[in-house]
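In each ligand, atom 1 is the first atom listed, and ligand 1 is the first ligand listed.
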Amino acid sequence: MKVLVIGGGAREHALCRSLSLDSEVTSLHCAPGNAGIAEVAELHAVDALDGPAVAGLAASLGAEFVIVGPEAPLVAGVADAVRARGIDCFGPSREAAALEGSKAFAKEVMAAAGVPTGRSYVCTTPDEVDKALDAFGAPYVVKDDGLAAGKGVVVTDDLATARAHALSCERTVIEEYLDGPEVSLFAVTDGETVIPLQPAQDFKRALDGDQGPNTGGMGAYSPLPWADPKLVDEVERTVLQPTVDELRRRGTPFSGLLYAGLAITSRGVRVIEFNARFGDPETQVVLARLKNPLAGLLRAAATGQLAAFPPLHWSEGAAVTVVIASHNYPGNPRTGDPITGLADVAEKDEHAYVLHAGTKLERRSDSAAAEDRVVSAGGRVLSVTATGSDLAKARERAYRAVGRITLDGSHYRGDIAAEAAEGKA
Ligand code: AMP
């Protein structure tokens with residue numbers, strides 16, 4: 001199978017790594033990719049938001065299967081453009097991706113499907129905002145209705161901050177505060193059949209102890225030793241299947257990856273958000289544990305064949321990923337800093353590997369003595385992933401590998417999976 005992956009973060013590196021280990025995949029391409037993905041796939045330049053350009057690239061490569069990683073191309077209709085060229089594509093249509101692209105739409109679908117979620121108001125005027133904030137009280141949860149690259153949500157005790165964020169959004173969803181640990185559960189679906197993957201937990205805040213601003217995600221682990229073993233079945237029954245059924249009933253079937261962000265509250269499981277694609281950084285740990293070859297599973301979803309798909313197999317062990325971020329991230333990150341130690345990890349750490357996010361290869365052909373080097377090119381730079389018989393072992397290996405890497409001004413959290421390794425949520 002000739003496969004093209006769209007995107008260029010650590011999620012796409014994790015996807016490409018798994019695809020490169022799949023014997024069914026004979027040729028692997030990625031656009032635009034990054035310096036790490038270049039080691040397992042052939043890179044191509046493309047505007048990932050331009051559907052006809054992506055479809056044209058896939059056709060010119062003779063790709064039989066396209067996998068769209070990030071949300072923005074899906075919300076822009078890139079999967080539709082690829083399918084219109086007669087090429088199989090993993091990822092929902094533009095209309096179905098609105099489940100992520102509009103929080104108000106997601107709330108409407110959940111209400112229609114009877115899916116448990118926080119009570120909320122959709123507001124467009126200052127008056128509506130004030131009424132909603134008053135109705136719920138602190139802590140306030142204020143969400144931009146549209147896509148905001150993980151930065152559209154403000155959770156705060158401060159009314160003025162909550163109000164200012166709400167008024168800065170064209171349309172905002174103000175929601176009741178949901179207490180309790182969070183779980184990310186992914187499911188692969190063809191629009192009818194739902195196959196849940198293993199749950200993971202990610203760390204959204206920039207600093208240890210869940211302090212500091214929200215980020216795209218600073219680390220993740222799987223499995224969740226503290227979670228109820230029946231959680232996956234329950235979420236499949238009460239959240240995933242009803243949502244997929246409701247979207248099909250509306251004539252906008254959702255095929256691809258349905259990501260449920262959940263809060264395990266004292267009153268039961270509640271959906272915090274849906275995403276329409278693999279989560280980053282949870283994908284890094286979920287795929288590290290998946291034993292089935294990836295291409296066949298995703299292609300079966302893209303072609304409506306999941307009902308006949310055999311059960312998934314998972315490693316009994318654990319996986320942990322730690323994100324190394326640039327100076328100043330999640331503010332405007334500094335880029336162009338050289339990264340060292342990557343070869344050291346590849347050489348010395350049998351159970352750890354580095355997935356690249358914002359990196360690029362800097363060619364230094366100007367001088368014969370100078371070698372090409374990998375430099376930072378974004379906010380989240382690397383996702384250092386390790387496996388082990390349990391979380392404690394996987395963590396130890398991940399942090400040992402992190403310690404071999406240098407990137408001037410970078411930062412990472414030191415407490416990824418620390419409490420879970422001790423059995424706490
Ligand atoms: P989202 O972009 O919807 O994932 O929100 C980002 C983060 O904000 C989530 O991972 C939660 O930590 C937090 N959050 C979102 N909605 C709520 C809520 N209703 N109650 C408490 N925290 C929330």
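- Salt bridge absent: Asp390 and Lys393 never bring a charged side-chain N and a carboxylate O closer than 4.0 Å.
- Phe65 carries Arg299 over the face of its six-membered ring, with the cationic atom under 6.0 Å from the centre and within 45° of the normal.
- Assignment of Arg270 to the shell around ligand 1 is not supported, since no heavy atom sits closer than 4.0 Å.
- Here is the list of ligand 1 atoms found below 4.0 Å of a heavy atom in Tyr177: 20 (N), 21 (C).
- Only the side chain of Val153 comes within 4.0 Å of ligand 1, judged by heavy-atom distances.
- Taking the six-membered ring where the residue is Trp, Tyr221 and Phe203 present tilted rings, their angle falling between 30° and 60°.
- Ligand 1 places these atoms under 4.0 Å from at least one heavy atom of Leu178: 18 (C), 19 (N), 20 (N), 21 (C).
- Both tests pass for Arg17 against the ring of Tyr353: distance under 6.0 Å to the centre and angle within 45° of the axis.
- Checking Lys103, Arg119, Lys143 against atom 16 (N) of ligand 1, the nearest heavy atom belongs to Lys143.
- With a 4.0 Å cut-off on non-hydrogen atoms, Glu182 touches ligand 1 through its side chain and not its backbone.
- Ionic pairing of Arg270 and Asp179 is not present here: no N-O contact between side-chain nitrogen and carboxylate oxygen is shorter than 4.0 angstrom.
- Against a heavy-atom cut-off of under 4.0 Å, Val141 is close to the following atoms of ligand 1: 16 (N), 17 (C), 18 (C), 19 (N), 20 (N).
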Output a table of donor-acceptor pairs, distance under 3.5 Å, between side-chain atoms of residues 112-120 and any protein atom two or more places apart or on a different chain; print 'none' if there are none.
residue: Thr117; atom: OG1; partner: Lys107; partner atom: NZ; Å: 2.8
residue: Thr117; atom: OG1; partner: Val271; partner atom: O; Å: 2.7

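- Set against the non-hydrogen atoms of Glu273, the atoms of ligand 1 under 4.0 Å away are 1 (P), 2 (O), 3 (O), 4 (O).
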